[in-house]
Amino acid sequence: MRIHVAMPDTGLCTDFFPPAVRDRLTSIGTVTWNETTENYTEAELRKRVKGVDVLITGWGSTQVTGTVLSGADNLRLLAHAGGTVADIASRDVYEDRIPVVSANDVMADHTAEHTIAALLAERRAISALDTSMHSGEWNRADHEINTLYDATISLVGLGTIGHKLIEHLVPFEPNVRVYDPYVNKSVLEDYPFATFVDLDTALNAEIVSIHAARTPETEGMIDAEHLSTIPDGGLLVNTARAEIVEEEPLLKELRSGRLSAVLDVHHEEPLPEEHELRSLENVLLTPHVGGSQIRPPLAAAVVDDIERFAAGEPLKHRIPREQWETMTR
């Protein structure tokens with residue numbers, strides 16, 4: 001079996017493929033690597049896929065288009081060492097019935113973990129208390145400390161990350177509302193504390209967490225009117241994509257102090273040093289690290305599926321066409 005890794009030869013590739021993961025990959029077949037420091041162009045990728053059975057892609061890789069596939073004479077698996085494959089696979093890949101796998105489930109685990117950690121930190125005022133302590137204070141009464149127990153938490157968009165987050169929330173026995181018109185209602189059968197609601201009902205909650213994919217339909221879906229629906233003192237959490245929430249209306253709500261926010265994603269990344277968000281005390285900020293910084297498990301997940309593919313076993317991380325069509329672009 002011939003395997004080609006399209007990720008350029010940079011520190012990022014080394015992060016994803018440490019020696020132990022590389023050794024596992026080379027035990028499966030003959031592995032070649034992109035030895036340049038740049039992602040391939042479409043024409044370059046078309047040349048490199050000739051004779052390749054398994055193509056491994058990463059962040060920023062060129063999409064496997066019909067043009068690329070015209071140079072592939074034996075491609076049998078596309079494996080993406082990242083989450084969404086919306087801009088990696090193409091309709092042609094699915095029409096050619098080439099299986100697509102990615103580390104989307106594993107990245108969802110990490111993002112859900114980050115979300116619950118940030119939620120707890122904000123509700124328990126950890127950042128503010130830490131700052132106060134480091135400045136020599138002992139002002140317990142000056143900080144509002146809340147809990148997730150019995151809280152009303154709404155998820156706008158469910159998907160893999162939202163589903164994982166619900167599992168993390170089980171011990172807190174919250175009242176979870178879910179807005180997602182695209183998923184089967186049966187997915188909440190194991191969570192009696194969670195119910196599907198319309199968007200207005202979802203937004204009328206003390207915590208609103210965004211988990212929708214970024215698509216043309218969802219960009220700007222949370223506008224000024226929607227933000228005004230969130231009750232005074234509410235918390236908006238966005239670990240999905242910044243573009244789902246209109247920036248200026250959110251800044252207006254945060255300036256007023258009516259809402260607070262936990263933001264891992266931003267309209268401009270890196271977030272400019274002078275950006276207003278950095279000066280607002282009612283915002284907990286992280287630099288888009290929710291699912292992306294723990295990298296070896298992402299590559300290991302796709303190597304797991306390459307091993308399964310070589311052994312003729314079912315693929316665990318396969319992305320079906322219907323999921324690909326609704327993933328973040």
Original post:
Regarding Gln63 and Thr65, is there a side-chain donor-to-acceptor distance under 3.5 Å anywhere?
Top reply: no
Subject >> Flag, side chain of Arg308 to backbone of Leu315, donor-acceptor distance under 3.5 Å >> reply: no
Subject >> Distance-only polar pair, side chains of Thr111 and Thr239, donor-acceptor under 3.5 Å >> reply: no
**OP:** Check whether any side-chain heavy atom of Glu307 sits under 4.5 Å from a side-chain heavy atom of Arg24, and report yes or no.
**Re:** yes
Subject >> Check: Asp130 side chain, His134 main-chain N or O, donor-acceptor pair, under 3.5 Å >> reply: no
Original post:
Side-chain donor-acceptor pair under 3.5 Å between Asp198 and Thr201, yes or no?
Top reply: yes
Subject >> Partner set under side chain to side chain contact (heavy atoms under 4.5 Å, CB included) for Asp142, not counting sequence neighbours >> reply: Asn139
**OP:** Would you check if the side chain of Arg329 reaches a backbone N or O of Val85 as a donor-acceptor pair within less than 3.5 Å?
**Re:** no
Subject >> Reference residue Ile153; test side chain to side chain contact (heavy atoms under 4.5 Å, CB included); the match among Leu165, Val208, Ile207 >> reply: Ile207
**OP:** Could you name each residue pair satisfying salt bridge (charged side-chain N to carboxylate O under 4.0 Å, His left out) that touches residues 179-197, not counting sequence neighbours?
**Re:** none
Original post:
Hey, does the side chain of His267 reach the backbone of Ala242 with a donor-acceptor pair shorter than 3.5 angstrom?
Top reply: yes
Subject >> His4 and Tyr40 aromatic centres sub-6.0 Å >> reply: yes
Original post:
With sequence neighbours excluded, what pairs up with Val289 under the side chain to side chain contact (heavy atoms under 4.5 Å, CB included) test?
Top reply: His114, Asp264, Thr286, Pro287, Gln293
